[in-house]
Amino acid sequence: MKKSGYKKLMTILESNKKWPIIVGGISGDSLPKSIVLPATIPTEELDILPSESGLHYPAWIMQMMISAKKSDKVYLVIDGLDKIDFDEQDKFYGILKHKGVNGYKFPDGTQIIIAISSGNISKISKKISALCLNFDVE
């Protein structure tokens, strides 16, 4: 990503604190200190599950909790959503709509970014894209 594209992206993220954003032309590692979820992550690794000792939080949520204690800004990047089928994209719907998982609300200051290839917005389901803003850095 060019420096000018990065600067535009950061301006948009700063002014948009409420909505998830689909960003074309970046990959998950484009934002420093972000928590990256590959779109191919199994559904069971997205959920908080009960266990004998209480609730079992996935590693990415634990990382989010730690990041929220260190900074008021947490970037959760879903990487490569344009590379999976529309039906499989639905596993992220609740995360995007509720900014949380299984009743756990993400920390304030969490911004959700969907990183896709430039020009691939048509490969994102209408159900998902209806919840998000759209921006292309190229």
Side-chain angles (χ1 to χ4, degrees):
M1 174 179 8
K2 294 178 183 173
K3 190 174 183 176
S4 62
Y6 181 79
K7 191 173 182 177
K8 278 186 198 176
L9 176 59
M10 296 313 291
T11 300
I12 288 171
L13 291 175
E14 186 59 38
S15 63
N16 168 50
K17 302 205 188 277
K18 185 174 181 179
W19 302 101
I21 184 168
I22 299 170
V23 182
I26 67 169
S27 63
D29 59 0
S30 297
L31 291 169
K33 300 181 181 177
S34 60
I35 298 161
V36 180
L37 291 177
T40 56
I41 189 170
T43 303
E44 58 272 6
E45 290 183 34
L46 290 174
D47 292 330
I48 299 169
L49 301 171
S51 70
E52 291 179 12
S53 58
L55 294 176
H56 172 72
Y57 292 86
W60 65 273
I61 290 182
M62 298 302 292
Q63 186 180 358
M64 183 180 286
M65 290 175 181
I66 292 166
S67 294
K69 287 181 182 178
K70 294 179 183 178
S71 173
D72 61 344
K73 180 90 52 194
V74 177
Y75 296 115
L76 175 62
V77 180
I78 300 169
D79 192 25
L81 198 63
D82 56 326
K83 308 254 188 301
I84 62 174
D85 294 334
F86 288 158
D87 290 339
E88 193 177 352
Q89 291 177 17
D90 283 348
K91 65 186 175 188
F92 293 103
Y93 181 78
I95 289 172
L96 296 167
K97 184 174 182 181
H98 303 292
K99 284 189 120 179
V101 175
N102 293 9
Y104 168 75
K105 198 85 164 136
F106 295 156
D108 289 341
T110 300
Q111 289 188 290
I112 303 172
I113 300 153
I114 300 172
I116 64 171
S117 298
S118 188
N120 274 0
I121 190 65
S122 64
K123 294 184 178 180
I124 303 299
S125 77
K126 299 285 185 213
K127 187 176 179 180
I128 297 289
S129 61
L131 298 174
C132 304
L133 300 176
N134 182 22
F135 175 71
D136 202 352
V137 296
E138 299 291 318

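Owing to the predicted nature of the structure, the values given are computational and were not obtained by experimental measurement.
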(request) Find out if a path of hydrophobic residues (ILVMFWY) with successive side-chain heavy-atom gaps under 4.5 Å connects Val74 to Val23. (result) no
(message) Keeping Asn16 on the side-chain end and Trp19 on the backbone end, is there a donor-acceptor pair under 3.5 Å?
(response) yes
(request) Please tell me if the side chains of Leu96 and Ile128 come closer than 4.5 Å, counting only heavy atoms from C-beta onward. (result) yes
(request) Would you mind reporting whether Met10 and Leu31 have side-chain heavy atoms less than 4.5 Å apart? (result) yes
(message) Nearest 0.5 Å, please: how far is CG in Leu9 from NZ in Lys7?
(response) 13.0 Å
(message) Do Ile26 and Val77 have side chains that approach each other closer than 4.5 Å (heavy atoms only, starting at C-beta)?
(response) no
(request) Using a 4.5 Å cut-off on heavy atoms from C-beta on, say whether the side chain of Met64 contacts that of Pro107. (result) yes
(message) According to a hydrophobic-cluster definition based on side-chain heavy atoms being under 4.5 Å apart (Ile, Leu, Val, Met, Phe, Trp, Tyr only), do Leu133 and Tyr75 belong together?
(response) yes
(message) Tell me whether Ser34 contacts the main-chain N or O of Val36 through its side chain, where contact means a donor paired with an acceptor under 3.5 Å.
(response) no
(message) Whether the side chain of Gln111 engages the backbone of Leu13 through a donor-acceptor N/O pair (distance < 3.5 Å, no angle test) should be reported.
(response) yes
(request) Check whether any side-chain heavy atom of Ser129 sits under 4.5 Å from a side-chain heavy atom of Asn134, and report yes or no. (result) no
(message) Measuring from atom CG of Leu81 to atom CD1 of Ile113, what distance do you get when rounded to the nearest 0.5 angstrom?
(response) 13.5 Å
(request) Could you tell me whether the side chain of Ser15 and the main chain of Ile12 form a donor-acceptor pair under 3.5 Å? (result) yes
(message) Check whether Lys127 reaches the backbone of Gln89 with its side chain - one donor and one acceptor, N or O, closer than 3.5 Å.
(response) no
(request) Taking all non-hydrogen atoms of both residues into account, name the closest pair between Asp136 and Gly25 and its distance. (result) OD1-N, 3.9 Å
(message) Using side-chain heavy atoms (C-beta onward) and a distance below 4.5 Å, is Pro58 in contact with Ile48?
(response) yes
(request) Indicate yes or no for a side-chain donor-acceptor contact from Lys83 to the backbone of Ala39 under 3.5 Å, with no hydrogens or angles considered. (result) no
(message) I want to check a possible cation-pi pair here: Lys8 against Phe135, using under 6.0 Å from ring centre and within 45° of the ring axis as the test.
(response) no
(message) Looking at Trp60 and Leu76, would you say the former's side chain and the latter's main chain have a donor-acceptor pair under 3.5 Å?
(response) no
(message) Could you report the tightest heavy-atom contact between Met62 and Tyr57, atom names first, then the distance?
(response) SD-CB, 3.6 Å
(request) Please tell me if the side chains of Leu131 and Phe92 come closer than 4.5 Å, counting only heavy atoms from C-beta onward. (result) no
(message) How long is the straight-line distance from CD1 of Ile112 back to CD1 of Ile78, given to the nearest 0.5 Å?
(response) 6.0 Å
(message) Membership question, hydrophobic clusters at under 4.5 Å side-chain separation (ILVMFWY): are Leu49 and Ile41 in the same one?
(response) no
(message) Quick check on Lys99: does its NZ atom have over 12 non-hydrogen neighbours (other residues, nucleotides or ligands) under 6.0 Å away?
(response) yes
(request) Indicate yes or no for a side-chain donor-acceptor contact from Asp82 to the backbone of Asn120 under 3.5 Å, with no hydrogens or angles considered. (result) no
(message) Using the side-chain contact (heavy atoms from CB on, under 4.5 Å) definition, which of the options Val101, Ile61, Asn102, Ile95 pairs with Leu46?
(response) Ile95
